[in-house]
Amino acid sequence: MAYYRRNSSADRMARGLGWFSIGLGVAELVAARRLARWMGMEEQAGLIRSYGAREVATGVGLLAMGDARPWMWGRVAGDALDLATLASAHHDGNPRRENVATALGAVAAVTALDVLCTAMLHREEAAAWTPPRDYSDRTGLPRPPTAMRGAAKDAPIPADMRTPDILRFQPA
Amino acid sequence: MKALVWHGTADVRYDTVPDPEIEQPRDAIVKVTSCAICGSDLHLYDHFMPGMEKGDILGHEFMGEVVDVGAEAKSALKVGDRVVVPFTIWCGECDQCRRGNYSVCERSNRNKAMADKLFGHTTAGLFGYTHLTGGYPGGQAEYVRVPFADRTHVKIPDGLTDEQVLFLGDIFPTGWQAAAQCDIQPTDTVAIWGCGPVGQMTIRSAILLGAKQVIAIDRVPERLSMAKAGGAITINFEEESVVERLNELTGGKGPEKCIDAVGMEAHATATLDSMYDRAKQALALESDRAHVLREMMYVCRPAGTLSIPGVYGGLIDKVPFGMSMNKGLTWRMGQTHVNRWTDDLLRRIQEGQIDPSFVITHTVGLADGPDMYQTFRDKRDGCIKVVLKP
């Protein structure tokens, strides 16, 4: 079972990155063609749009799900994909090479943040983990449960909570 | 006085607030000696229930000593009486109360118009549980005003500790009603989703009411070990398939009785449908996560019963209702008619048939309440049930 502490600094950072992810994703979805042109990657507008959808899904996961770590790993993997895609466009034949370099720098910075946040989340879990408590003696009953089975058969069950006889399961 | 006050999502504070006073002739003021954080308080803490306002005092599971009594409550209560206060406020005079349906009392919700609009017809007033149910200040405080106090109480005889009887106000009768409304037969398998405090009470209730087999489902090791101690066969849903295991334990036929002791905040990442629910919830497209309901409907034996003590607040999505209709399932649900059960349950505690204090894992002062909300919500430190001492 995963242990995580909501409202910790790492958790807040992860949720912040979730909002960032949604913002970036929406921008990529809405302005894919313009972004592609700016980086000299006109043929790649569809790819940028699909990356935008990935960013939105990761962002929703980070904001909505309890344990942020799998989604942060998702972000790190997405960063690697972004870096590889940008690196492939960073060549002498691209007249917008400088813009690609700017984008590469920005993605690298965000990658560093993502890695830091993921590491903080893992550190937090390791620090918070304690062996599960043993509650196997907490029966609440004076005798073993097998001996207590049916001890309250005399309990008054109101008529409105009883199954009509005709609808009851009949033992085979 | 001091009280735990809701200020927003995951923001509960130990504040100074005005002392309560007698406002109506049927009121009483109770000095709280013990109160608890209930699983359903977490729906307020996480702000999944509508109708909370900044400054609301939380808490609906509490007990204490009567310190002031209104003129019309004096026939039933006197200063010095030791009482558990049920979370459902009931007048004892309306049509519903006369039928024993105390949790849908027609008169105790002072915000009736709001509830009428949202629910079609009002339900009872509840302590510390949103303005939809009256906006009554709750019992995680040093003092509480109890409306309709001549009815809304359980007198506690000498010789029983607070810890033994405190849960008569909510989780014990809630677990009991969840099992009782299944009309358990000696041949029945009862499957219970959720091993939190209500789930633990439900397990013991089902055993005492004579179920052939009780199966409890959760993922938290401590909760599963406590469920096993109470006589349940346990299923860790992170380690095995709930549906496959339930079918295996029932000869492929499914349990006759299924109980949802989880409610609107089902674990968000274990299955695709709960992830879908959580994403919709985050985007405000759905209020409750219905994974447990879907699983119960799927696995329950045809002509079986679904009992739902888990709290739901609003809208659920993608519920396969056709499956439920075609299998002829009976649904029973609702807030607990606490006082229907308390005389009988108090007698069982006195006779030693059950000691509900088994579920308490943390006892702290009221000032530590805000931290304990977080510990309980995050299921840290083996936390299952928190008792606060004002």
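By convention in this document, chain letters (A, B, ...) are assigned in the order of the sequence lines, proteins followed by strands, and residues within each chain are numbered from 1.
Using a 4.5 Å cut-off between heavy atoms, B:Ala211 contacts chain A through its backbone alone, with no side-chain atom that close. Looking at B:Lys212, only its backbone comes within 4.5 Å of chain A, counting heavy atoms on both sides. Looking at B:Gln213, the atoms closer than 4.5 Å to chain A (heavy atoms on both sides) all sit in the backbone: N, CA, C or O. Interface remark: A:Pro156 contributes backbone and side-chain atoms alike to the contact with chain B (heavy atom separation under 4.5 Å).
Between B:Arg340 and A:Asp160, at least one side-chain nitrogen of the basic residue sits less than 4.0 Å from a carboxylate oxygen of the acidic one, meeting the salt-bridge criterion. A salt bridge does not link B:Asp355 with A:Arg138: every distance from a Lys NZ or Arg NE/NH1/NH2 to an Asp or Glu carboxylate oxygen is 4.0 Å or more.
Rounding to the nearest 0.5 angstrom, the gap separating the CG atom in B:Asp344 from the CG atom in A:Asp154 is 7.0 Å. A distance of 7.0 Å separates OG1 in A:Thr139 from CZ in B:Arg204, rounded to the nearest 0.5 Å. Going from atom CE of A:Met161 over to atom CG of B:Asp183 covers 10.5 Å, rounded to the nearest 0.5 Å. Atom-to-atom distance recorded for B:Phe358:CZ and A:Leu141:CG is 7.5 Å, nearest 0.5 angstrom.
With chain A as the partner, the residue from B:Ile354, B:Ile207, B:Ile384, B:Thr361 showing the most heavy-atom pairs under 4.5 Å is B:Ile207. Ranked by heavy-atom pairs under 4.5 Å with chain A, the list B:Met226, B:Arg223, B:Met201 is led by B:Met226.
Scored by the side-chain hydrogen bond (donor to acceptor under 3.5 Å, both in side chains) test, B:Asp218 finds no partners at all (sequence neighbours excluded).
Judged by distance alone, with hydrogens and angles left aside, the side-chain atoms of B:Ser225 form no donor-acceptor pair with the main-chain N or O of A:Asp134 at under 3.5 Å.
For B:Lys280, the NZ atom is densely surrounded, since the number of other residues' heavy atoms within 6.0 Å is greater than 12.
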